[in-house]
K.L.:
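Here it is, the structure in full.
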There are 2 protein chains.
Amino acid sequence: MPSNPSKPTDSELEILSFLWQHGPSTVRQVHDFLAKTKEAGYTTTLKLMQIMQEKGLLSRTEEGRSHIYTAQVSEEETQQSLLGRFVETAFRGSAAQLVMQALGTHQTSAEELDEIRQLLDNLENNR
Amino acid sequence: MPSNPSKPTDSELEILSFLWQHGPSTVRQVHDFLAKTKEAGYTTTLKLMQIMQEKGLLSRTEEGRSHIYTAQVSEEETQQSLLGRFVETAFRGSAAQLVMQALGTHQTSAEELDEIRQLLDNLENNR
DNA sequence: TTGTATCTACGAATTTTTTCGTACACCTTT
DNA sequence: AAAGGTGTACGAAAAAATTCGTAGATACAA
């Protein structure tokens, strides 16, 4: 586990996000997906992924003519790290404040709310 | 209310955060505070705040020789905007997922937990 | 009045992130 | 074999964010 889950940039996060969802992929696959919502050339995505590989965020193996990239940082680990930073900078360290706002304005299903409630119970019991 | 709560950068957020907490302040006050945790020259902070003023993030009034800066975007509004973006990019749009992680790993007092529980109740009732 | 401190203004250098053009290799089809 | 499509490599431009040096104004103390 890397001691420093170096903060990915927004662009890098988009790529990681795709890889977390779809597993090891080629640049083409990643790019075609990103291109749906984003204006960017193929070589831009390629370069980005190459750089991420140099940084250790991705690894790759050759597969015929192309390369297959794999995320080298886990989704949870990265979320955790980003979340910590975010709570700190945007919510002055108050996780509760963030939770309140998130619940207040974002769609959440009844099941999810129950899950959260259960988590709250656990937290209070283990106090 | 600005229709575009233009995303502040991390540095800008640090400054906004201070102003939200302490109210209208001079560059000196902001800088002295930031300097405790950050390595940066006075003119760097000054320039940053001048740019933020040009962008409309801050306003200022002259007060003798120095200027007093005031945040022109509210804390809630900004948090909301950043949160939305963050949920999207880091948590694939799942606010519940973010909430779970936040509660799981960040310190939260019993009072805060109760507050959250109450919010949950409200949400379920108004469904 | 001569320094010293403290302010703003502002151009510009630096650093980081993002983007892309071009070269070249390899396959497949004509 | 030539042409067209699809890859990677890589330098470098462009854009964005951050940093700082220097100049000039003003107050205040020695």
Side-chain angles (χ1 to χ4, degrees), chain A residues 4-19 24-70 73 78 82 85-86 89-90, chain B residues 4-19 24-70 73 78 82 85-86 89-90:
Chain A
N4 172 21
S6 65
K7 181 190 176 199
T9 66
D10 282 355
S11 296
E12 290 175 337
L13 194 53
E14 286 178 345
I15 291 172
L16 284 174
S17 190
F18 178 89
L19 293 177
S25 313
T26 63
V27 174
R28 173 61 55 191
Q29 292 171 316
V30 172
H31 176 69
D32 284 355
F33 179 80
L34 294 186
K36 289 187 210 160
T37 46
K38 213 191 170 192
E39 186 73 22
Y42 174 82
T43 54
T44 300
T45 306
L46 170 66
K47 180 70 168 191
L48 216 28
M49 291 176 73
Q50 285 172 343
I51 289 172
M52 289 171 75
Q53 191 251 325
E54 280 165 23
K55 287 188 193 173
L57 252 33
L58 307 182
S59 69
R60 72 181 184 190
T61 60
E62 307 211 359
E63 184 78 18
R65 259 173 351 106
S66 70
H67 290 161
I68 300 210
Y69 288 82
T70 307
V73 290
T78 305
L82 290 174
R85 206 184 301 260
F86 187 65
T89 61
Chain B
N4 171 21
S6 64
K7 181 190 176 199
T9 65
D10 282 355
S11 295
E12 290 175 338
L13 194 53
E14 287 178 344
I15 291 173
L16 284 174
S17 189
F18 178 89
L19 292 177
S25 313
T26 62
V27 175
R28 172 62 55 192
Q29 292 170 316
V30 173
H31 175 70
D32 284 356
F33 179 79
L34 294 187
K36 288 187 210 158
T37 47
K38 212 189 170 194
E39 186 71 22
Y42 174 82
T43 54
T44 298
T45 304
L46 170 66
K47 180 71 169 190
L48 216 29
M49 291 176 73
Q50 286 172 344
I51 290 172
M52 290 171 76
Q53 192 251 325
E54 281 164 22
K55 288 188 192 171
L57 252 34
L58 307 182
S59 69
R60 71 181 185 191
T61 61
E62 306 211 359
E63 183 78 18
R65 266 180 333 115
S66 70
H67 290 163
I68 299 210
Y69 287 82
T70 307
V73 290
T78 305
L82 290 175
R85 206 183 302 258
F86 187 65
T89 61

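Just so you know, these numbers use all the heavy atoms, side chains as well, and skip hydrogens, waters and symmetry mates.
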K.L.:
Would you say D:dG7 has OP1 or OP2 under 4.0 Å from some side-chain N or O of A:R60?
P.N.:
no
K.L.:
To the nearest angstrom, how far is A:D10 atom CG from C:dT19 atom C1'?
P.N.:
16 Å
K.L.:
Taking 4.0 Å as the cut-off, does a side-chain nitrogen or oxygen of A:S11 come that near to OP1 or OP2 on C:dT18?
P.N.:
yes
K.L.:
Using a 4.0 Å heavy-atom cut-off across all strands, classify B:T44 as base, sugar-phosphate, or nothing.
P.N.:
base
K.L.:
Determine: side-chain N/O of B:T9 to OP1/OP2 of D:dA17, distance under 4.0 Å, yes or no.
P.N.:
no
K.L.:
Quick one: A:L34 CG to C:dC20 P, roughly how many Å, whole number?
P.N.:
13 Å
K.L.:
Rounding to a whole Å, what distance do you find between B:M52:CE and D:dA16:P?
P.N.:
18 Å
K.L.:
When you measure from the side chain of A:Q50, which nucleotide among C:dC10, C:dC7, D:dC10 comes out closest?
P.N.:
D:dC10
K.L.:
Ignoring hydrogens, what is the shortest heavy-atom contact between A:L58 and A:I15? Give both atom names and the distance.
P.N.:
CD1-CG2, 4.5 Å
K.L.:
Is the shortest heavy-atom distance from the side chain of B:M49 to the side chain of B:R60 under 4.5 Å?
P.N.:
no
K.L.:
State the CZ-OG1 distance between B:R65 and B:T26, to the nearest 0.5 angstrom.
P.N.:
11.5 Å
K.L.:
Atom CZ in B:F33, atom OG1 in B:T45: separation rounded to 0.5 Å?
P.N.:
12.0 Å
K.L.:
Looking only at side-chain N and O atoms, does B:R65 come under 4.0 Å of OP1 or OP2 in C:dT8?
P.N.:
no
K.L.:
So, is A:R28 near the phosphate of D:dT6, with a side-chain N or O under 4.0 Å from OP1 or OP2?
P.N.:
no
K.L.:
Would you mind reading off the distance between A:Y42 atom OH and C:dT22 atom C1', rounded to a whole angstrom?
P.N.:
15 Å
K.L.:
Could you tell me the separation between the CD atom of B:E12 and the P atom of D:dA17, rounded to a whole number of Å?
P.N.:
7 Å
K.L.:
Starting from P on C:dA12, measure out to NZ on B:K47 and report it in whole angstrom.
P.N.:
11 Å
K.L.:
Which one, C:dC20, D:dT18, C:dT8, comes nearest to the side chain of B:V27?
P.N.:
C:dT8
K.L.:
Please tabulate, for the side chains in residues 35-44 of chain B, all donor-acceptor contacts under 3.5 angstrom to protein atoms that are two or more places apart in sequence or on a different chain.
P.N.:
unit_1: B:T37; atom_1: OG1; unit_2: B:L34; atom_2: O; d: 3.3
unit_1: B:K38; atom_1: NZ; unit_2: B:E14; atom_2: OE1; d: 3.4

K.L.:
What is the distance, rounded to the nearest whole Å, between atom CD of A:E14 and atom C1' of C:dT18?
P.N.:
12 Å
K.L.:
Nearest whole Å is fine: how far is D:dT19 P from B:K38 NZ?
P.N.:
5 Å
